[in-house]
Amino acid sequence: MPYQITYRSEAVGDVTDSKISDILEVSKRNNTKLGITGCLIYKEDFFLQILEGEEEVIRKLYFTIKGDIRHENVEILHEGHSEERLFTKWDMAYAKLNSEEDSPDKDLSLINYEFDRLKNHQANESFTYRVFWYNIKQLINKEGFYSWEKLNFA
């Protein structure tokens with residue numbers, strides 16, 4: 001069973017497209033070697049990421065990421081095992097959400113259009129995955145991040 005971690009963090013310093021490109025290049029190369037898949041979201045100095053793979057490998061990678069000086073306030077929103085991987089063909093999918101000038105509805109349309117094609121449509125999506133998508137919508141709407149303790153999927 002794959003293990004998933006969804007975490008958030010805040011960027012330190014200026015984040016340029018070039019810096020993100022560098023992060024993605026290294027991540028993709030390393031993730032392929034380690035059998036890790038996932039998705040990185042960036043908007044206005046906030047990162048949101050889901051990682052999936054073998055538990056020991058994911059935990060080790062998370063602690064490496066947590067120690068990276070390019071971001072701070074790294075917080076796990078949820079982690080746990082899943083029935084199957086959701087980003088099976090993506091060593092690191094990436095989306096940069098629109099800036100503040102753009103409407104949240106436009107961002108939601110982009111996310112829904114782009115990522116509906118990427119994710120597996122299954123009834124038994126993991127809670128970690130639901131936390132990831134819930135936080136994307138929260139980030140788009142500038143309502144903050146929520147860990148699993150704060151969510152109520154009634």
Side-chain angles (χ1 to χ4, degrees), residues 1-11 15-66 68 70-71 73-99 102 104-148 151:
M1 292 182 96
Y3 194 76
Q4 296 173 323
I5 287 181
T6 291
Y7 76 90
R8 50 92 52 202
S9 67
E10 297 174 45
V15 177
T16 63
D17 288 341
S18 176
K19 285 181 182 179
I20 290 178
S21 234
D22 293 343
I23 290 169
L24 291 171
E25 184 180 323
V26 170
S27 295
K28 288 177 181 187
R29 184 174 57 243
N30 291 338
N31 289 357
T32 299
K33 289 178 191 173
L34 296 171
I36 296 171
T37 55
C39 181
L40 176 66
I41 303 293
Y42 174 76
K43 181 175 183 182
E44 297 172 8
D45 295 332
F46 287 97
F47 291 102
L48 178 66
Q49 185 170 34
I50 186 168
L51 298 166
E52 49 191 11
E54 295 297 321
E55 183 174 355
E56 184 178 320
V57 174
I58 294 297
R59 286 182 180 274
K60 185 176 178 182
L61 175 59
Y62 171 75
F63 285 108
T64 299
I65 289 168
K66 188 172 180 169
D68 190 324
R70 294 175 287 191
H71 61 165
N73 300 323
V74 182
E75 175 188 7
I76 293 177
L77 300 172
H78 196 264
E79 62 186 302
H81 287 95
S82 175
E83 292 292 319
E84 54 188 296
R85 290 178 190 245
L86 297 165
F87 292 93
T88 56
K89 297 179 181 178
W90 294 91
D91 45 20
M92 189 52 56
Y94 171 73
K96 178 179 178 182
L97 302 182
N98 295 325
S99 66
D102 296 324
D105 290 338
K106 184 176 178 185
D107 283 333
L108 284 172
S109 297
L110 170 71
I111 289 298
N112 290 336
Y113 174 76
E114 290 297 324
F115 285 99
D116 277 350
R117 297 181 310 131
L118 303 180
K119 71 176 188 166
N120 293 327
H121 298 280
Q122 55 188 22
N124 62 345
E125 291 172 342
S126 71
F127 194 75
T128 305
Y129 188 68
R130 288 187 284 157
V131 168
F132 175 70
W133 283 100
Y134 181 84
N135 278 281
I136 289 172
K137 290 177 183 176
Q138 293 301 107
L139 181 58
I140 289 169
N141 292 316
K142 298 183 182 187
E143 296 175 16
F145 290 101
Y146 292 87
S147 60
W148 70 272
L151 295 178

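Every heavy atom of this structure was used, including side-chain atoms; hydrogens, water molecules and symmetry mates were not.
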Quick one: are Ile36 and Ile58 in side-chain contact, heavy atoms under 4.5 Å?
yes
How long is the gap from CZ on Phe46 to CG on Asn73, to the nearest 0.5 Å?
8.5 Å
Going from NZ on Lys19 to OH on Tyr42, what distance comes out if it is rounded to the nearest 0.5 angstrom?
9.5 Å
Would you say NZ of Lys60 has more than 12 non-hydrogen atoms from neighbouring residues, nucleotides or ligands within 6.0 angstrom?
no
Could you go step by step and tell me if Glu55 and Arg59 meet the salt bridge (Lys or Arg N to Asp or Glu O under 4.0 Å) rule?
CA-CA 6 Å; Glu55 183 174 355; Arg59 286 182 180 274; 3.0 Å; yes
Can you confirm whether Val74 sits close enough to Glu10 that some side-chain heavy atom of one is under 4.5 Å from a side-chain heavy atom of the other?
no
A side-chain contact here means heavy atoms from C-beta on lying under 4.5 Å apart; do Tyr7 and Leu51 qualify?
yes
Determine whether His71 and Lys66 make a side-chain contact, defined as any pair of heavy atoms from C-beta on separated by less than 4.5 Å.
no
Would you say that Cys39 contacts Phe132 through its side chain, given a criterion of any heavy-atom pair below 4.5 Å between the two side chains?
yes
Side chain to side chain contact (heavy atoms under 4.5 Å, CB included) between Ile20 and Val15, intermediate numbers included:
CA-CA 7 Å; Ile20 290 178; Val15 177; 3.5 Å; yes
Between CZ of Arg130 and OG1 of Thr128, what distance do you get to the nearest 0.5 Å?
9.5 Å
Please check if any side-chain donor atom of Thr6 sits under 3.5 Å from a side-chain acceptor atom of His78, or the reverse.
no
With sequence neighbours excluded, what pairs up with Asp68 under the salt bridge (charged side-chain N to carboxylate O under 4.0 Å, His left out) test?
Arg70
Check whether the side chains of Gln4 and His81 place a donor and an acceptor atom closer than 3.5 Å, and report yes or no.
no
If you define the side chain from C-beta out and look only at heavy atoms, does anything of Phe47 sit under 4.5 Å from Ile41?
no
In the structure I gave you, are the side-chain heavy atoms of Leu48 and Arg8 within less than 4.5 Å of one another anywhere?
yes
Which residue pairs pass the side chain to side chain donor-acceptor pair (under 3.5 Å) test with at least one member in residues 26-37, sequence neighbours excluded?
Thr32-Asp91, Thr37-Glu52, Thr37-Arg85
Distance (rounded to the nearest 0.5 Å) between Glu79 CD and Ser126 OG:
12.0 Å
Heavy-atom distance under 4.5 Å between the side chains of Val26 and Asp22, does that happen here?
no
Ile65 backbone acceptor or donor facing Tyr62 side chain under 3.5 Å
no
Which residues pass the salt bridge (charged side-chain N to carboxylate O under 4.0 Å, His left out) test with Glu54, not counting sequence neighbours?
none
